[in-house]
Amino acid sequence: MVRRKQDVAWADPALLILGSLAAGPKHGYAIVQDTEESAGVTLGPGTLYAALSRLEARGYVHALPGEDRRRPYEITASGSALLTERLKAMSSFASHGLARLKTAQP
């Protein structure tokens, strides 16, 4: 994952991958392109495939039969449930944080 030093880290590669796969099955390069477009985060190959391996081992994604060297992945029902849970928690955190900032403004 490429990140500027001044940035505050928030993007968990596994969460970005699940978010990308929520739109449908994708191979690695398509996941990288999607996360760049949607989150502004570039996942390196080592980060991407290590995270995919962990997600597959935990049952959150499933590899589909590949074409040539491209192997697409899809999110599973448990992966969708996890993504939903994490996004709701992030939304709640963002709402509370924004409300606090609003009340703290002079």
Side-chain angles (χ1 to χ4, degrees):
M1 182 167 46
V2 176
R3 185 181 303 137
R4 294 185 308 257
K5 288 184 180 183
Q6 71 271 20
D7 288 347
V8 175
W10 64 268
D12 178 351
L15 188 63
L16 292 171
I17 291 167
L18 291 174
S20 177
L21 294 177
K26 292 181 184 71
H27 55 77
Y29 184 69
I31 295 170
V32 169
Q33 287 182 309
D34 188 50
T35 58
E36 285 177 0
E37 292 171 10
S38 65
V41 175
T42 303
L43 299 175
T47 300
L48 172 68
Y49 290 105
L52 278 169
S53 179
R54 286 190 303 274
L55 288 167
E56 189 171 24
R58 293 176 182 154
Y60 297 133
V61 301
H62 173 73
L64 299 171
E67 298 174 12
D68 297 323
R69 294 176 54 200
R70 294 182 178 186
R71 186 174 190 187
Y73 292 84
E74 68 180 352
I75 193 168
T76 63
S78 59
S80 292
L82 175 66
L83 179 61
T84 298
E85 174 188 311
R86 297 288 165 87
L87 291 175
K88 285 181 179 179
M90 290 171 70
S91 178
S92 175
F93 175 73
S95 294
H96 285 90
L98 290 169
R100 289 173 179 169
L101 285 169
K102 187 176 181 179
T103 59
Q105 298 297 318

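None of these values were measured; they are calculated from a predicted model. Just so you know, residue 1 is the first one in the sequence shown, and it goes up from there.
Contacts of Y49 classified as side-chain hydrogen bond (donor to acceptor under 3.5 Å, both in side chains), with partners at least two apart in sequence or in another chain: none. Taking T84 as the reference, nothing meets the side-chain hydrogen bond (donor to acceptor under 3.5 Å, both in side chains) condition, with sequence neighbours excluded. Annotation: side-chain hydrogen bond (donor to acceptor under 3.5 Å, both in side chains) contacts of E56 (sequence neighbours excluded): none.
Of all non-hydrogen atoms in A22 and L83, the two that sit nearest each other are CB-CD2, 3.8 Å. The minimum heavy-atom distance linking P13 with A51 is given by the pair CB-CB, 4.3 Å.
Summarising the geometry, atom CD1 belonging to I75 is positioned 10.5 Å from atom CD1 belonging to I17; distances are rounded to the nearest 0.5 Å. Note that CG of L55 and OH of Y73 are 10.0 Å apart. Values are rounded to the nearest 0.5 Å.
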Using atom types as modelled, flag every donor-acceptor pair under 3.5 Å from a side chain in residues 85-93 to any protein atom, sequence neighbours excluded.
{"from": "S92", "atom 1": "OG", "to": "H96", "atom 2": "ND1", "distance (Å)": "3.4"}

What donor-acceptor contacts under 3.5 angstrom involve side-chain atoms of residues 58-65, with partners at least two apart or in another chain?
none

- Evaluation steps, side chain to side chain contact (heavy atoms under 4.5 Å, CB included), between K26 and L21: CA-CA 6 Å; K26 292 181 184 71; L21 294 177; 4.0 Å; yes
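Among pairs with a residue in residues 31-41, those fulfilling side chain to side chain donor-acceptor pair (under 3.5 Å) read S20-D34, Y29-Q33, E36-T42, at least two apart in sequence or across chains.
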